[in-house]
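Chain letters run A, B, ... following the sequence lines, proteins first and then strands; every chain starts at 1.
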Amino acid sequence: MSDHTSTGDGHAPGELDMGHHHVSSPAMFLSVLLALLFLTFITVVVAQFDFGSANMLIAMGIASIKASLVIAFFMHLKYDTAINKLVFMSSFLFLSLLFIFTLGDLFTRRLDHELHTTKSPVDLEWSHPSTLDGDH
Amino acid sequence: MINYLIQEPKQDPQGDLPWDGVPAHEIDFWGQLPVQAGTFDHVDGLFYFTYAVCIIFFVIITGVLLYSVFAHRRKTWDQKPLSNVTHNTPLEVVWTIVPLIIVMIMFAWGFKGSLDMTTVPHEAQRNTYKATAKQWNWTFIYPDATQSIAEVYVEVDKPVQFILESTDVLHAFYIPVMRVKRDIVPGRYQSVWFHPIKQGVYPLFCAEYCGDDHSRMYAKVHVVDAATMADRPWNKVPAEDKPVERIAYGARLARQLCASCHKMRDTDTVVTGPSWLGMFTKQGDTYVGRQREVLEGGVTKTITTDDAYIIESIKDPTKKIVAEAPYNKNSMSKFDTLTDDRVACLIAYMKSLADN
Amino acid sequence: MSHDDHHGVMIPAPGPEFVAHEVAHHFSTPVQEFQAGKLGFWLFLATEILLFGGLFAAYFYFHEVFPETFRVGGQQLDWRLGALNTSVLLLSSWTMAMGVRSAQTSQKSKTMIYLVLTVLGALGFMVIKFIEYSAKNEHGLIVFSELFSGYDEVTGQVAWFKDYHGVMKDVAHGHMFFAIYLTMTAIHGLHVIIGAIAIIYVLYGTSKGRYHAGYYLPVDLAGLYWHLVDLIWIFLFPLLYLVP
Amino acid sequence: MTTNTPAVDVQTTQPKAPRENYLNCTTSFKSWALTLDHKRIGLMYLIGTSLAFLAGGVFALLVRLHLWEPEGMLFSNPTYNQIFTLHGAFMVFLFVIPAIPGSLGNIVMPLMVGAKDVALPKLNLLSFYLWVIGAVMAVAAIVMGGFDTGWTFYAPYSLYTDQAVVTIGLAIFVLGFSSIFTGLNFIVTVHKLRAPGMTWFRMPLFVWAIYATAILQVLATPVLGITVLLVAFERLYNVGIFDPRLGGDPVLFEHFFWFYSHPAVYIMVLPAFGIISELVTVHSRKPLFGYKLIAFSSIAIAIISFLVWGHHMFTSGQSTYAMFAFSFLTFFVAIPTAIKEFSWVATVWKGSVALNSPMLYTLAFLIIFAIGGLTGVILGALNVDLHLHDTYFVVAHFHYVMMGSIALAFFAGLHHWWPKMFGIMYNEFQAKIACALIFIGFNATFLPQFVMGSRGMPRRYATYVPEYADYHKASTIGAMILGTGVALMVFYLVASLFIRKKAKQNQWGGVTLDWMCPTPPPHLNFDEEPQVVHEVYDYTTLDYETLQRDCD
């Protein structure tokens, strides 16, 4: 497959040629395409039903499967070098940190609200304690 | 760029700074923190503990460093080192583990303290004030729904909670002697509480940058005894039959609330809002308001300045906007929490500025 | 540059319709050059993921704060057009993958056909996007002529959100969904256009015979970028059109 | 007199015409403007970032002068706000972030790994020009009326103020991509262009540090990019994400901003750590103590720094749970940082310590960074931070890290590699005087700020309560001394270019590859491809002959 001979590279011998010349078969590409179209159809179908709080999980789950197919086969990452896999996957890892802490703060603010330390950002109605009932 | 080269003359403070009459912080024995007037002792405790740890580590590090620099300095150009050691595992483990243990103590201590500071006790909840921050002043509403501006009175030995609200941008409520600080986020409420135990007058700073007069966003915190509280010193607007006091009171309010945008003395240079000078002309015993073009709902009309217009402009400033440039570009924020009594004092002051 | 004569590696062309590739001066082998280019590009793709990640974080944040706004807002979008656009992008992703494969196997005319098809896919996507935007414009959900007119302090409404049919009047901050929809799809659309330009660039190179089994890195990279555009849309589609 | 060079100058080579190097191989303007040579690009970065530093320094001096009096001496409040914003924005975005990777990283790192150039030279040039575009836009923003948001651009103030926030926001977007491309380039270079025999654990620690920095640049900067874009969009068409009037949340802005800007602190400081690691071992002529632990601690810092951004927001109204997590994780950054400091001190111990100017700058760094790092621990404690947050204590802490540590490390590295870069030496005596002035001036400026900060002086104040006046005056005097020191340093460095006193081939006795190639390096760095056979920092292999020989 290779038109040239690799001269002594000596950098990381294990990485040589990996991901360089992997040629996938048209049949494989076609089946990936069909799978993607089918999953798009599934996405639309399940959106017609209400699974409550699982809606987001299901939608994102299907999208993730589709994304993995694109990454692994169309983008050849499955056949790429270990470092390229690591690089791309770590972007999702660090993205998840942004999600976890930012959304985590939002979700736990509600718990704080129950401790009467803060109120939620949209609650603009404030009653002064002097107008409330109680032992004030 | 031009505005850096051509400086407008600096505003003359004229002896009415917001912190006049507040004594400087009394500093504690170690010279670092203001003497606390509240009960959050763990802040001082952990601060000095960490401080001491830092000094110990600093002395060790610089001591070893300076000793080796001096003792092992190169005396001839080809001098070789005394040792070629590259690592020492037990030593490295020790200096990883020991700091780890120390910082975990600090974390636990600090977190426990912060829980104390964010969990509002019931006594404080029953003594709730509301503090409204806006560019660039503070308004306080008391549990009995009375109001004060740029100063607040709290009772000694009685825990107090402040619900914090901002009407424009981020501010922060910071009383150094109480060790409390909380950012005020527009669109939601925040709260702080503290337990004052020492009478006196203390500064309250805005600690989150909020624009032009951020550094002037100051309030006095009076910690007073129950008898003084019962007298409601903050709620004393001079009675209507004392016009001179009312004008003086209005002038003080105006310096606190309005002077950052409106010109009210010949020496003022602000042009954000229309000048108060020449708003009225005195003819005999009556004050005649000036004619002014205003925009109401996009339509330009001419009105005469009078009490009703001023009250409306204070409570709902965007309803009629002065058509003259540059004022038509700037919008004034609402002062709808100002009591009618105080607005009347402001108008009295405004009228006292009239030409004869 | 006078100093570029230090190389010495040349990849021969597989046939007369191709041109040989000269390895850049600071690489010792073609493999090194190829892998450096690939690694660099994967890193770039990682930054793109994090760039969009900020927008996705904002989406999830406000989906949590204003669930009703997002639910009703999502109903105002036409999921059929969204699904159609998804299919168009998936198809063009497939043609792109096939294009890269043809370049890998030195099939010049096939490569060009697949690349042209991919560009057509990009065009189709933008046309459908345009149709959608016009519909939003008509309903006053995003009034493009008023886009930069600012905010009305009195009504508390942004100028570009008119909501002629009052579909969002029952929910808090109705413009929020459309603001996020507009921002995300506009930035994604910008990527579609950049991707199409990149593909046209490699199409030109292919016509000159620069890419073949020995050297097809630019085609590969344009392909990776195009798949990334697809990848992001795969998530945008359910989130915006079928708000969960 | 301790010295690094032979007492008697042994002239071993005949005088001859200077050999061709990267400085003199071509001379046209075009050959510089369109160069792909990493060393030339690095030099252009050096000039650009130094100008930005001097501009930022002038703004700093204006700030300090203004604060001489409680009511301010020079400016109206709005102008003061613009000046301190300009100081912050110029220093952070135009100097501290790009300076070390862009200049020293570009020049030295490929030499250290034994490469002919960085992996993607055209991208490298693009990074530089993006930096230039960003700088021009930042200056344009000043001309267009300035901006007064503070370098943090906190919403919603940055959305409401009527100044050139969009321009500076887009400038930062462009500068961000400059930074991303630099980082990306360096990662590829380290992975793909190491010389034969240069295994990961034979890489000098500067390379490790630059590598860890590059990870941060690539993964954190895009989030800043989207954040400033969103601020620009808010101002242009009212997205509402950060604007509370429209249902947005300013705290979300803070999350986004600090997701970048906390790792950015390490983008700034990790290269400084790398320089210090390098200099400590060379000037002590002793292998670095705990090499692997330092290398790993760089990576550990890079990763942990993504988990701690919330400690900038302890008072901001994030949830108690988030505060708990962020405070807990924050303390873990202290560990790898402490390990580094201890290891540097242990390297000096029983070394052969040369007290030349790069080492003096290094010692100044070690002392100042100890203070900067330790005061960071004080701020990490939750309850104490509630008192100290947004006061001068924080200002002093981060200046100890950013100015005291990073700028000093940059100066140290500059003095260390100056003979390598140009083949000439500066005036050592003046260098030592300047170092002393900078050290004294710096501490005089910022130690008083710790005291007034813990006594309650809030930051970003154009005027202040008179009780802090003495500390402000001391601080201003310190700043003047510091300014004098920096001015002297600029003077003798520029003067050395005209005096042209020849440097040695291996001025300080380094054993890493950067000292193995000719001085100054030729266009493609090495005459023949280097083979690495020794472990890193093995000073038993030091060739003393190169210490005596003038450079080519």
Q: Using the six-membered ring wherever Trp is involved, compare the ring planes of B:H25 and D:Y468 and label them parallel, tilted or perpendicular (cut-offs 30° and 60°).
A: tilted
Q: Hey, what's the ring geometry for B:Y67 with D:W349, parallel, tilted or perpendicular (30° and 60° as the breaks)?
A: tilted
Q: Where is the tightest heavy-atom contact between D:N383 and B:S114, given as atom of each residue plus distance?
A: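 Nearest heavy atoms, D:N383 then B:S114: CB-N, 3.8 Å.
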Q: Under 4.5 Å heavy-atom distance to chain B, tell me which part of D:T330 shows up: side chain, backbone, both or neither.
A: neither
Q: If you take the centroid of each ring, where Trp contributes its six-membered ring, are B:Y209 and D:Y154 closer together than 6.0 Å?
A: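 Between B:Y209 and D:Y154, which both carry aromatic rings, the centre distance is not below 6.0 Å.
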Q: Please look at D:T161 and chain B and tell me whether the side chain, the backbone, both or neither of the residue comes under 4.5 angstrom of a heavy atom of that chain.
A: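 Neither part.
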Q: Under 4.5 Å from any heavy atom of chain B, what part of D:T152 do you find: side chain, backbone, both or neither?
A: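 Neither part, no heavy atoms under 4.5 Å.
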Q: What part of D:L62 gets closer than 4.5 Å to chain B, counting heavy atoms only: side chain, backbone, both or neither?
A: neither
Q: What closest approach, in Å, do D:Y160 and B:D168 show between heavy atoms, and which atom pair accounts for it?
A: CE1-O, 3.7 Å
Q: With a 4.5 angstrom heavy-atom cut-off, could you sort out which part of D:Y80 is near chain B: side chain, backbone, both or neither?
A: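 For D:Y80, neither part sits under 4.5 Å from chain B.
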Q: Looking at D:Y464, D:F450, D:F314, D:Y291, which one has more heavy-atom pairs under 4.5 Å with chain B than the rest?
A: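 Top option by heavy-atom pairs under 4.5 Å: D:Y464.
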Q: Give the member of B:A207, B:G113, B:P99 that has the highest number of heavy-atom pairs under 4.5 Å with chain D.
A: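 Looking at each of B:A207, B:G113, B:P99 in turn, B:A207 comes out on top.
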Q: Between D:I335 and chain B, with a heavy-atom cut-off of 4.5 Å, which part of the residue counts as in contact: side chain, backbone, both or neither?
A: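 Contact with chain B: side chain only.
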Q: Are the aromatic ring centres of D:Y461 and B:H214 under 6.0 angstrom apart?
A: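 Yes - the distance between ring centres of D:Y461 and B:H214 falls below the 6.0 Å cut-off.
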Q: What part of D:E254 is in contact with chain B, defined as an atom under 4.5 angstrom from a non-hydrogen atom: side chain, backbone, both or neither?
A: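 Only the side chain of D:E254 comes within 4.5 Å of chain B.
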Q: Hey, does the side chain of B:Y218 reach the backbone of D:V465 with a donor-acceptor pair shorter than 3.5 angstrom?
A: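 No, because the side chain of B:Y218 does not come within donor-acceptor range (under 3.5 Å) of the backbone of D:V465.
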Q: Which bit of D:F84 comes within less than 4.5 Å of chain B, counting heavy atoms only: side chain, backbone, both or neither?
A: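 The answer is the side chain of D:F84.
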Q: Output, in order, the C-alpha distance, side-chain angles, deciding distance and verdict of side-chain hydrogen bond (donor to acceptor under 3.5 Å, both in side chains) for B:R74 and D:S352.
A: CA-CA 5 Å; B:R74 195 180 297 172; D:S352 162; 3.0 Å; yes
Q: Please walk me through it: do B:W95 and D:F289 pass ring-ring contact (aromatic ring centres under 6.0 Å, His included)?
A: CA-CA 13 Å; B:W95 74 37; D:F289 190 88; 5.6 Å; yes
Q: Against chain D, work out which of B:Y51, B:F58, B:F40, B:F70 has the most heavy-atom pairs shorter than 4.5 Å and name it.
A: B:F58
Q: Side chain, backbone, both or neither: which part of D:A346 has a non-hydrogen atom closer than 4.5 Å to chain B?
A: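 Side chain only.
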